[in-house]
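Here is the structure we will look at, set down as structure tokens.
Letters go in sequence order (proteins before strands), and every chain restarts at 1.
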Amino acid sequence: MTTAWTARHWTWPFCGSVCARRPSLCLLLAAAAVWLCVLPKALGQQPLSDVQMKAAFVLNFIRYTEWPERSFAAPDAPVVACVLGDPSATALAGIAGRSIRGHAVQVRAVLSADEAHACHVLFVPDIDMRRFVGILRAVQNSPVLTVSDAEGFIDAGGMIGLVHFDHRLQFEINLGVMQQAQLKASSQLLRLARNVIEARPR
Amino acid sequence: MPDSPLRQLSLACGLLALCGPARPEAPQAVPDMSLEELINTEVVSASRKSENLQQVAAAVFVITQEDIARSGARNLPDVLALAPGIEVARIGNNRWAVSARGGNGRFANKLQVLKDGRSIYSPLFSGVFWEAEDMPLEDIERIEVIRGPNAAMWGSNAVNGTINIITRKARDTQGALVAASAGSEDRRNVVARYGMPLGDSGHMRVYAKSYDRRAGFATDGSRASDTGDSGMAGFRADWLLSSGNRLSLHGEAYRDHNGDTYRFPDARLPPAYVSPLDSTMRLSGGHLQGRYESLRDDGSEIVFQSYLVQRTLDAEHALREERKTLDLDFQYRLAPSGSHDLMLGADYRDSRDTVGSPAGSYVTFTIPSRDIRLASAFANDDITLVPERFRVTLGARLEYNNLSGTNLQPTARFLWTPDASRTVWGALSRATRTPSRAESDVSIPLAVVPPSLANPLPTWIVYQNAGGGTLKSEKADALELGYRHRFGQNLSVDATAFTHRYSDGRILVLGQRSVVFPFYVLQQENTVYAARSRVSGIELAAFAQMTPTWRLQPSYTWMTSREYGLGDAASEAAAQSGMRKLPRHQLSLRSQHNLPQAQQLDFWLKYKSSFHLDSTTASADVPGRTDLDVRYAWKLNRALEISLVGQNLLHRRAIQYLSDQLPSVAVETGRGAYLRAECRF
């Protein structure tokens, strides 16, 4: 008697009536409740973020690209990595100070084509892509490696585009534009690229 | 901080209380990984999926290729059920009813559906023939599902929502793929694809798909007549002419046969007045589509697109339709200047048909041939009022069609992002539905009322819009409010509240009455555009990466509807009857586990509450239903993946929906399983 009373009155009233009428829905509600209980645990774990991954890619692009000798004033001159717009919001902020093949990485914010000519790497953030097409095309004939996570970046005249594919981050290369700029992509880079196209710049 | 109303809103959804406020993003260390490691690292995070959505002032959900692969769905309409708030019901095994925010039916007329920018909405009954719109699911890059009206952007009939299917670029489908499955309901389903380069800067793929599906079940448990078999072949070629100039060509041809049993009411038959007619619907046709995009140095963008579609629909004992559609579309996005991002566009469509009926057919068209023309122009301005914080969008489309005249479809939206992890948006819009060819010209029997004392002859009720009548566009005014919140990398929630008010809806009224002595009374019914109704609801969705190998995606939709009478006693009584014409609750819970050795185990639990289905040709109570799909997959190596899928596992067979417009016999869907192998080389 007592057990029956407890069972009836200690169930959440809404859930009780639902369970009586629709056992399947009750099951679903129970599943939802369990989900809410384990939720806080999920928040504790932080895998590598998109931003961290993209920065790690950019480091590798620098590693596997060969600039013409004139691009560096001295053999140990820094590699200048520029971001169009605000670098703090993008992939590059975290790579400042790293060293690649004897060159320290410097990160700079740029806003015009003139400034961009002085860069070794130019990162174009996805969101501002259309605003910066002019700058992107203006540096096409200088040894500036252009990288972006914007969709269709290599179609727009960029050199290396970061793309999401099969839940992995991949990259594709427009070799035509790279050659025009006298940049040499290593065979390693070309081999691991998802796509390599050879469209000409205009 | 002016965020207290926001806090309350999220508390209401019950999640913020558990999760606490979002933490500020700390500077992140860059890992020292090789290129090889990087391209093989799975990016599993809620933020990736919601990143771009944070900036959209609409109820948007994106179905990715991964979602599709892990759903176990083998047909396009089944895939759409992955999106929260989209109601997908099977009418037997080979027909579908797909809609958002109510108004569902075999030809749900308020949902715009686009494949790579090509509308597949048919003007015949106003809706999509889903049985003929399948495609290789492996070619889909993503499906953008937008609930709510945005006709300014997507054109007429984008009233309750828009489904925008985007296929992969040809360069992303290089090499060969063969996927074959065999099963109890989906007896055979084969997709083959081959991609190759075209010169230095072009790529192409050719593909084919074929399937053979068994019929569903009749109410007595025997197999019904709705078997289906279908085949298609097509290509897509992309060229990069020079930096920023892309050209794309797409073509496809298909044929689809599916069985059916019609139950046309006929007063000339003995009581019961129905003699079931077995029929086969044969659909065949194809399209050719070209698209040119140019992104210019100043950031302005031009898109020109054109397509030609041809289709023949031959439904035995009912009708035969031949349709040719030409569409020209032009869009110009101005160079971004100051705070404005302005887009202009124009569209012209010409759809010519010939609709005939075989001798003795129950469906006839009073006008055998029509030329439906549609011309529209739109402008959409995205105005940034406070950079990175507050944006307003104003848009409108002015559209003319030669059936119902000119309509203006405006929208006003705002988007407020108090910080990088939270978004509040709202929208006020109007959209219209264009009248269908059938509602204008068809003559089709709806019912027979048996003789009574007062009326000794049976009454045959036939829909016929005598003399064409005046056609009007149905209108919807919608108010929407949405909130999205990302909690770090692993959790995001999305909530939308909406209310849609419909006016000038279609309603059938009694027309001419004549006695065909001594057999029956012929009662015509005509269309008047006077129905008013309201649908309101709440849509909730979440994405949670519980552990690096376990992901959960729950969603819930609550809807309620109200109809208003026309002032006369009968329609007021019908409006007050309180019949629930749409499912009040819809739940979906997807769970995806990555097991060791490249194995995957996925569950998909679905629940839909009961509703009363009421259309011109069918009326029934559809009981609530919980169902479960399970998928197990094992990737043996880079080239081969094997999967085993069980669908609708909780019921041996159950009714999901009934056909409207065409009076097909009720068919139940059964439990099913299939084995699939996918090979890439």
Side-chain angles (χ1 to χ4, degrees), chain A residues 22 24-25 27-28 31-32 35-36 38-43 45-53 55-57 59-60 63-64 93-95 98 126-127 130-134 137 140 152 155-157 164-172 176-177 188-189 192 194-195 197-202, chain B residues 14-15 18-19 27-36 38-45 47-48 51-52 55 64-66 171-172 174 200-201 240-246 295-299 301 333 335-336 487-491 544-548 552 554 587 589 605 607 624 626 650:
Chain A
R22 297 209 195 295
S24 48
L25 179 58
L27 204 77
L28 215 66
W35 180 71
L36 284 176
V38 279
L39 199 58
K41 192 178 153 225
L43 299 167
Q45 300 158 342
Q46 297 286 326
L48 283 181
S49 71
D50 238 34
V51 169
Q52 286 171 302
M53 292 280 292
F57 267 105
L59 277 182
N60 278 288
R63 189 169 293 142
Y64 293 116
I95 66 168
R98 299 290 278 264
D126 181 7
I127 204 131
R130 278 179 58 237
R131 215 149 52 88
F132 293 131
V133 187
R137 298 209 177 133
Q140 268 183 347
D155 304 78
H164 280 286
F165 204 88
D166 285 342
H167 49 96
R168 285 174 175 83
L169 206 50
Q170 316 260 299
F171 63 95
E172 40 186 22
V177 185
Q188 173 87 341
L189 197 64
L192 295 174
R194 180 169 172 83
N195 287 304
I197 58 170
E198 292 187 34
R200 326 199 94 221
R202 60 173 193 183
Chain B
L15 283 163
L18 279 161
C19 311
Q28 296 164 324
V30 178
D32 204 1
M33 290 165 79
S34 75
L35 213 45
E36 212 138 14
L38 283 168
I39 58 170
N40 287 313
T41 302
E42 274 200 41
V43 187
V44 280
S45 82
S47 63
R48 171 168 85 75
E51 209 164 61
N52 299 330
Q55 297 297 321
T64 63
Q65 172 56 231
E66 189 196 4
R171 70 167 181 255
D172 287 330
Q174 295 292 290
D200 279 351
S201 57
L240 185 58
L241 304 173
S242 67
S243 289
N245 291 313
R246 287 193 278 198
L295 174 65
R296 301 193 297 181
D297 291 357
D298 58 0
E301 217 172 347
R333 202 165 161 187
F487 301 89
Q489 289 282 311
N490 295 330
L491 177 72
Q545 190 72 40
M546 307 297 291
T547 71
L552 273 181
L587 267 162
L589 179 64
L605 195 63
Y607 169 75
T626 309
L650 302 186

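- Here the closest non-hydrogen pair linking Ala156(A) and Leu295(B) is CB-CD2, 3.7 Å.
- A pairwise comparison of heavy atoms in Arg137(A) and Gly244(B) identifies NH2-CA, 3.4 Å as the closest pair.
- Taking CD of Gln170(A) as the reference point, atom CG of Asn40(B) lies at 7.5 Å (rounded to 0.5 Å).
- Closest of all the heavy-atom pairs between Thr41(B) and Arg168(A) is O-CG, 3.6 Å.
- With a threshold of 4.5 angstrom between heavy atoms, Arg171(B) approaches chain A through its backbone and through its side chain.
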Criterion side-chain contact (heavy atoms from CB on, under 4.5 Å) on Asp32(B) and Arg98(A), from CA distance to verdict: CA-CA 10 Å; Asp32(B) 204 1; Arg98(A) 299 290 278 264; 3.6 Å; yes
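- Taking Glu172(A), Gln188(A), Arg63(A) one by one and counting their heavy-atom pairs under 4.5 Å with chain B, the maximum is reached by Glu172(A).
- Atom CD of residue Gln52(A) and atom CE of residue Met33(B) lie 10.0 Å apart, to the nearest 0.5 angstrom.
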Pair Asp172(B)-Asn195(A), side-chain contact (heavy atoms from CB on, under 4.5 Å): steps then yes or no: CA-CA 8 Å; Asp172(B) 287 330; Asn195(A) 287 304; 2.9 Å; yes
Verdict with supporting geometry, Phe171(A) and Leu35(B), side-chain contact (heavy atoms from CB on, under 4.5 Å): CA-CA 10 Å; Phe171(A) 63 95; Leu35(B) 213 45; 3.9 Å; yes
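- Residue Glu36(B) touches chain A through both its backbone and its side chain, counting heavy-atom pairs closer than 4.5 Å.
- Between Ala56(A) and Val30(B) the shortest heavy-atom distance is N-CG1, 3.6 Å.
- Both the backbone and the side chain of Leu169(A) come within less than 4.5 Å of a heavy atom of chain B.
- In this structure, CD1 in Ile197(A) is found 5.0 Å from CG in Leu240(B), a value given to the nearest 0.5 Å.
- At a 4.5 Å heavy-atom cutoff, the contact between Tyr64(A) and chain B is made by side-chain atoms alone.
- Gly152(A) approaches Arg246(B) most closely through the heavy-atom pair CA-NH1, 4.3 Å.
- Contact tally against chain B (heavy-atom pairs below 4.5 Å) for Leu189(A), Asp155(A), Leu192(A): the top residue is Asp155(A).
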